[in-house]
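Heads up: numbering here begins at 1 and tracks the sequence. Heavy atoms only: backbone and side chains are in, while hydrogens, waters and symmetry mates are out.
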Amino acid sequence: MKKILLAASIVLGASTITGMIAAPQMDVSAKTTEMSASFAKKLKEGGLPNTKGKIGMTYKTLKKVVPKKKEYAAEKYVYMAKNKDMFHLNYNEKLGKPKNTNTVVALSREYSNLISSSSVKKQLGKPYRGKSIEGGKDVGTHIYKAGKNYVYIYADKKSNTTSLYMGKRDLIQMLAGVSDIYR
């Protein structure tokens, strides 16, 4: 249940994901940037480029190393950095705020440009396929394995942005609207 609530909090903050079950291909005519090897290395380490926060970090450490813009409780507790990175923490809702020992279980960032799907494939390998939650059809996804975590990278050519979410497999599957991912 906690994982479902965490997924819901991430989804609520991600309007670009709503309704995206099948994974449309990126428009090659849109301006794109390449995913570098150093970017992929940071993902495999559980973090994002240009931030010191990462998955598994305690709330106490996160507060010390990542400058805060704001914090709030949605379905789960969200720590938003000044650069707008979002760190999602596991915590007991009855406490109202996480303890210093609670950990980051997911993170997300929105980029103001498109990241080319070919460069993502080059750095992270082939994306997973899965069964659509709605209808059970076999669909492509934008889910990749990065170290111990899974990454959902969606480039929205209409808004010229790329959304990136990282977390455990079941959370990322829920965000992408698929189950039973496979290659």
Side-chain angles (χ1 to χ4, degrees), residues 1-18 20 35-112 115 120 123-125 127-128 130 141-155 161-179 181:
M1 183 64 173
K2 288 182 181 180
K3 291 178 183 175
I4 292 171
L5 293 175
L6 176 61
S9 72
I10 294 172
V11 171
L12 290 174
S15 61
T16 58
I17 302 302
T18 307
M20 294 298 175
M35 177 182 276
S36 67
S38 61
F39 187 125
K41 181 180 179 189
K42 278 295 262 184
L43 290 176
K44 291 174 184 176
E45 294 169 351
L48 293 169
N50 304 317
T51 189
K52 294 179 181 177
K54 63 182 183 177
I55 291 178
M57 180 176 280
T58 64
Y59 179 55
K60 181 179 181 178
T61 304
L62 181 68
K63 292 185 296 184
K64 287 180 183 177
V65 301
V66 178
K68 173 180 71 172
K69 179 177 181 178
K70 64 181 175 179
E71 307 178 46
Y72 58 92
E75 293 293 327
K76 286 294 177 194
Y77 199 79
V78 179
Y79 182 98
M80 182 184 285
K82 284 186 179 179
N83 68 357
K84 298 187 182 175
D85 288 345
M86 297 177 78
F87 298 88
H88 307 270
L89 292 111
N90 64 344
Y91 83 114
N92 182 340
E93 293 91 0
K94 294 176 187 173
L95 298 175
K97 200 170 185 180
K99 293 181 181 180
N100 283 333
T101 56
N102 289 109
T103 58
V104 174
V105 294
L107 52 85
S108 58
R109 179 187 283 176
E110 185 167 306
Y111 293 89
S112 59
I115 298 174
V120 173
Q123 298 298 334
L124 298 177
Y128 285 85
T141 71
H142 296 283
I143 299 174
Y144 300 86
K145 180 86 164 129
K148 296 179 182 178
N149 298 294
Y150 289 80
V151 181
Y152 179 76
I153 302 173
Y154 177 72
T161 60
T162 301
S163 299
L164 184 146
Y165 302 89
M166 185 184 326
K168 298 298 175 200
R169 181 180 176 145
D170 54 349
L171 173 66
I172 298 302
Q173 284 181 169
M174 183 175 290
L175 280 172
V178 297
S179 63
I181 60 172

Trainee: What pair of heavy atoms forms the shortest contact from Val151 to Ile172, and how long is it?
Mentor: C-CG2, 4.2 Å

Trainee: Please test Lys44 against Leu124 for side-chain contact (heavy atoms from CB on, under 4.5 Å), starting from the C-alpha separation and ending with a verdict.
Mentor: CA-CA 9 Å; Lys44 291 174 184 176; Leu124 298 177; 3.9 Å; yes

Trainee: Does the side chain of Lys42 reach to within under 4.5 Å of the side chain of Thr51, using non-hydrogen atoms?
Mentor: no

Trainee: Would you say the side chain of Tyr154 lies within less than 4.5 Å of the side chain of Leu175, judging by non-hydrogen atoms?
Mentor: no

Trainee: Is the NZ atom of Lys54 crowded by more than 12 outside heavy atoms at less than 6.0 Å?
Mentor: no

Trainee: Using only atom types and a distance under 3.5 Å, with no angle test, would you say the side chain of Thr141 pairs donor to acceptor with the backbone of Tyr128?
Mentor: yes

Trainee: Taking all atoms of both residues into account, what is the closest heavy-atom pair of Leu48 and Leu43, and its distance?
Mentor: CD2-CD2, 3.8 Å

Trainee: Calculate, to the nearest 0.5 Å, the distance between atoms OH and OH belonging to Tyr79 and Tyr72 respectively.
Mentor: 13.5 Å

Trainee: Can you tell me how the ring of Tyr152 sits relative to the ring of His142, calling it parallel under 30°, perpendicular over 60° and tilted otherwise?
Mentor: perpendicular

Trainee: Would you say Arg109's side chain and Pro49's backbone share a donor-acceptor pair under 3.5 angstrom?
Mentor: yes

Trainee: Is Asp85 close to Leu107 at the side-chain level, that is, under 4.5 Å between some pair of heavy atoms?
Mentor: no

Trainee: State, to 0.1 Å, how close Tyr150 and Lys168 come at their nearest heavy-atom pair, and which atoms those are.
Mentor: CD1-C, 4.3 Å

Trainee: Please give me the minimum heavy-atom distance between Met80 and Lys84, naming the atom from each residue.
Mentor: CG-CA, 3.9 Å

Trainee: Quick check for you: to the nearest 0.5 Å, what is the distance between Tyr144 atom OH and Met35 atom CE?
Mentor: 8.0 Å

Trainee: Can a donor-acceptor pair be found, under 3.5 Å and without considering hydrogens, that links the side chain of Asn102 to the backbone of Lys99?
Mentor: yes

Trainee: Rounded to the nearest 0.5 Å, how far apart are CG of Asn90 and OG1 of Thr103?
Mentor: 4.0 Å

Trainee: Please report the interatomic distance CZ(Phe87) to NZ(Lys63), rounded to the nearest 0.5 Å.
Mentor: 14.5 Å

Trainee: For the pair Tyr59 and Tyr77, name the ring-plane relationship: parallel under 30°, tilted 30 to 60°, perpendicular over 60°.
Mentor: perpendicular

Trainee: Measure across Gln173 and Ile143 and return the closest heavy-atom pair with its distance rounded to 0.1 Å.
Mentor: CA-CD1, 4.2 Å

Trainee: Apply side-chain contact (heavy atoms from CB on, under 4.5 Å) to the pair Ile153 and Thr162, showing each step before the final yes or no.
Mentor: CA-CA 7 Å; Ile153 302 173; Thr162 301; 3.6 Å; yes

Trainee: Determine the minimum heavy-atom distance between His88 and Ser108, stating which atoms define it.
Mentor: NE2-OG, 3.4 Å

Trainee: How long is the span from the CG atom in Leu89 to the NZ atom in Lys97, to the nearest 0.5 Å?
Mentor: 11.0 Å

